[in-house]
Amino acid sequence: MKNQESPLGVYHAQEMENRIYEWWMQEGFFRATGDAQKKPFTIVMPPPNVTGVLHLGHALDNTIQDLIIRMKRMQGYDALWIPGTDHAGIATQTRVEAQVSKEEGRSRHDLGRDAFVSRVWAWKERYAEVIRSQIRRLGASCDWSRERFTMDPGLSKAVREVFVTLYEKGLIYRGNYIINWCPRCTTALSDIEVEYEETVGALYHISYPFVDGSGTLTIATTRPETLFGDVAVAVHPEDERYRHVIGKRLRLPFGEREIPVIADDYVDPQFGTGAVKITPAHDPNDFEVGQRHQLAAINIMTKEGKLNEHAGKFAGLDRFEAREKIVAELVSAGVLTRTEHHHAVGHCERCGTVVEPWLSTQWFVKMEPLAVPAQEVVALGKTQFIPDRFSKIYSHWLSNIRDWCISRQLWWGHRIPAFYCADCGGTTVSREDPMVCVHCGSSRLTQDEDVLDTWFSSALWPFSTMGWPEDEAGDLARYFPTQVLSTGFDIIYFWVARMIFMSLFFTSQPPFEYVLIHGLVRDDQGRKFSKSLGNGIDPMDVIEKYSADALRFMLVTGAALGQDMRFYMERVEAAQALVTKIWNASRFVLMNLDNELIYGLPAPEERTLADRYILHRLQETTSQATRELEAFQFAEAGKTIYEFFWNDFCDWYIELSKVHLYGTDARQKEPTQKTLTYVLDHALRLLHPFMPFVTEQIWQSLPRDGKTIMLAPWPNFTEEFEDPAAADGMALVMDVIRSVRTLRHEKNIALSKKVEVILRPKAKWQAVLQQAAPYINRLCNPSLLVIDPDAAFPEERVTSVLADVEIALSLAGLVDLSAEKTRLSEEKKHLEFEVKRLQTKLANENFIAKAPVAIVEKEREKLHDYEQQLEKVAAEWARLFSVANDREAE
RNA sequence: GCGGCGGUAGCUCAGAGGGAGAGCACCACCUUGACACGGUGGGGGUCAUAGGUUCGAUUCCUAUCCGCCGCACCA
């Protein structure tokens, strides 16, 4: 009967995980119910870009969200997790352009706008499906019936509504300003889409001759090719060196154009020569200087980054090629020298091309009116960053923010709803495509060719996914605002801040209560994963080799929130070991159940000491893990549950349970079976958000109440289980067992070899130890177990002294006196040290006076225990000496 | 220049005002009726450095060193 087959069989992660996910989907467990009895709890998933596949960072992010949403669902919330994908304008367009070019050797212009865009849609369909299957493979319990894409009709409607509203309120405007331009992508970029990289470049000193022949003025520049756009040279008004040349005129090289010397305190006299060429069309600072002095702006570059007709004979050359040629000519003319110069050069975030500050007409969002409330809401704690330090980063950015350039010269994205009139030149911005110009009534309208920055639509994600603006009574009313957002710190500016100000503006509510910021997943050497390093790890490969459960557990316990983590396969293996351990422990439980077992707990009076202990620990673990999870301390919570399951449940309780399961007293069998089942059930529930698959699989085989562990109630605080007496008692029993084992090990006595064990406890522990005798018998294998405060120890023995019990093994003929003396004297030395330490501490009047009473009391108890132990160890040590002397005397 | 993070056992990381923990690795023993992805026992840390606060600091404060990151400027 004991050896019946476990219904669990062999663990096959791949087959099992796929099958379970399918079943969850079929049963609709992921769908938010809308149950009015339940409180809603909502998370919107940061939509992955449809550019390609998911990486470990996505896996971490989604695991965190799934963990939270699964716990909340079990806690009885109407939990909603909205999945989706982002169209990722530049990134996706670039990928598809590359694909078209590679496969057909054609550019997007060869295809034409409509044909190209339909190619991108095809790409989107394909990769959205890849991403969907990857998220599923991870076990994400998101509500697929509410999946969204940033370019869905509803979300596009939201984009248009937002654009038009902001335009009407004067918060969106079009203008000719310096923006960041990527000549490769041929589009404008926002400030944060530019990545600055420290580079070794050159500082060129060029001498411009005065028109009146009175010598030259030497300027310093890093970009000599822009000299064709120079409209002035500026010096500091207070700079004595140049005061006399202000107002004079200079002649530019390569041409006859003359420019004035002006004074502006923007100039730093310490830098370079103290004289700066002013090129308003190609430098943001120069642009401002130009405006202050009413200077013209000469744009000398094409959108591809080539010099245009203003550059004379250099027209048509690429900007870097032109720079070389210009420098060469100026050097031979003797008017240019160069020095090495370190400076940060902006690169396109998507393609790495050096970004060009470029004057062009673009659409902007006026930021200040939006940024102020967005800062407030975080400052007031209505939205909280976890860890809190990220709120500083957020607030710092918002307080220094410049207007947001939102137009992109791309084809993939939301087309800007602005229409220009061919007759009056007026602009019409409207919710529906206009038939006629609002200014003059002409029907000769053409829509702006450009699309909006992807982040413009992502910024609306928390409410656009819920039906805003069309359906405000449905999901939006119930599930917005959301409770939690989980994302990486790299996206705080791009996305989090923008969602917050857009939500505040359009819904008057912050979009989330908590923003969880996690760190980066790095490789085993601490480097970022990157294509160029070739160190990428596909989460699907990890799942394939181990399991989604293991990957999830590893990621979520790998580091504290906000801290970067290194990805080590060894740690996935460790997580997999836990999965296996859970599986095997469950097999044990199941193969020891009787078919007619009724689900439930044994009555309190039927519970064994071990039962009481494990229920107490279950209770502790439940409280602690719940507290930690609710504080978003996932790694801590994972550890708490891990330790309970492995150490308390497997190493101790299961071993102890064997006494009752296989023992002679049949009455104890059923209570133990019930406790095993109960504790396993609840431990699985605690583990489920971490490891959804294996816990579901096991739970299905368990006597249970419910259809799926996904919807089983989250374990609650159960006062009835609180049992400090059982906890203390078992702690002592465990100490005793451990000590006996240690003595056996030190004396090389295998557990299979029986040996007499004598325990001399303090009287108050007599009953507990007596009760625990069957456990000690099973785990220590004594030939005879004596438990008696007055027991006499045999002459030939080894001993161990605990605070509350003395332990002796009877070892006739086996005691190595000198080894034993060494061991005891080490022990004695250690105890003496501790006693001394505590005596000194307690002799300190300041300590007694100022430390909390409880601490002082604790230290006194410690001292007392140590003193007693020392006394006994010293006595034993002395006894050995006399035995040794006797032997020598013989 | 401004700001942030990290420096704890060989490795990766937790932790916390009252003489430091885990996983992996290591050593010894064990095929004990769930599990060798296991069991039992063990070794290993002046908690980066120097000051300060405190009865007490590895934990709080200051400075320094080392590693990393963000922002700003860069003609």
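Quick note on labels: first sequence line is chain A, next is B, and so on, each numbered from 1. In this text the structure is predicted, and so the values were computed from the model without any measurement.
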Checklist entry - Closer than 4.0 Å, any side-chain N/O of A:Lys528 to the OP1 or OP2 of B:C68? => result no
Item to check | Whole-Å distance separating the CD atom of A:Glu845 from the P atom of B:U54 | outcome: 18 Å
Next on the checklist: Between B:C55 and B:G17, how many Å separate the two C1' atoms, rounded to a whole number?
Outcome noted: 12 Å
Checklist entry - Taking the side chain of A:Lys581 as its heavy atoms from C-beta onward, which of B:C74, B:U12, B:A34 lies nearest to it? => result B:A34
Checklist outcome for this item: Out of B:A34, B:A14, B:C55, minimum distance to the side chain of A:Ala851 belongs to B:C55
Item to check | Short side-chain to backbone donor-acceptor contact, A:Ser547 and A:Ala550, under 3.5 Å | outcome: yes
Item to check | Side chains of A:Asp230 and A:Tyr208, donor plus acceptor under 3.5 Å | outcome: yes
Checklist entry - Can you tell me how far C1' in B:G56 sits from the matching atom in B:A16, rounded to whole Å? => result 15 Å
Between the protein and nucleotides 23-32 of chain B, list the N/O to N/O atom pairs that are separated by less than 3.5 angstrom.
unit_1	atom_1	unit_2	atom_2	d
B:A28	N3	A:His745	NE2	3.2

Next on the checklist: As a test of reading the structure: which of B:C69, B:G19, B:G15 is closest to the side chain of A:Arg522, going by heavy atoms?
Outcome noted: B:C69
Next on the checklist: Could you tell me how far apart A:Leu578 (CG) and B:G38 (P) are, to the nearest whole angstrom?
Outcome noted: 10 Å
Checklist entry - Which nucleotide in the list B:C73, B:C11, B:A34 gets nearest to the side chain of A:Arg587? => result B:A34
Checklist entry - Is the shortest distance from a Lys or Arg side-chain nitrogen in A:Asp523 or A:Arg566 to a carboxylate oxygen in the other one below 4.0 Å? => result no
Checklist entry - Within the side chain of A:Glu195, is there an N or O that forms a donor-acceptor pair under 3.5 Å with the backbone of A:His347? => result no
Item to check | Residue A:Lys841, side-chain atoms from C-beta onward, closest of B:G18, B:C74, B:G42 | outcome: B:G18
Item to check | Separation of B:G41 C1' from A:Ile749 CD1 (nearest whole Å) | outcome: 13 Å
Checklist outcome for this item: Every stem of 3 or more Watson-Crick or G-U pairs under 3.5 Å that RNA chain B joins, in order of first number, is B:1-7 with B:65-71, B:10-13 with B:21-24, B:26-30 with B:38-42, B:48-52 with B:60-64
Next on the checklist: Looking at B:G33 and A:Tyr662: do their rings stack (centroid distance under 5.5 Å, interplanar angle under 30°)?
Outcome noted: yes
Checklist entry - Mind checking the C1' distance from B:A28 to B:G15? Whole angstroms is fine. => result 30 Å
Next on the checklist: When the C1' atoms of B:A22 and B:G44 are compared, how many Å lie between them, rounded to an integer?
Outcome noted: 15 Å
Next on the checklist: Does B:U40 have OP1 or OP2 under 4.0 Å away from a side-chain N or O of A:Arg744?
Outcome noted: no
Next on the checklist: The side chain of A:Lys392 is closest to which nucleotide in this list: B:G15, B:A34, B:G4?
Outcome noted: B:G4
Checklist outcome for this item: Closest to the side chain of A:Met591, out of B:G70, B:A34, B:A22, is B:A34
Checklist entry - Side chains of A:Asp681 and A:Trp699: donor-acceptor distance under 3.5 Å anywhere? => result yes
Next on the checklist: From the set B:C5, B:C69, B:C74, return the single nucleotide nearest to any side-chain atom of A:Gln563.
Outcome noted: B:C5
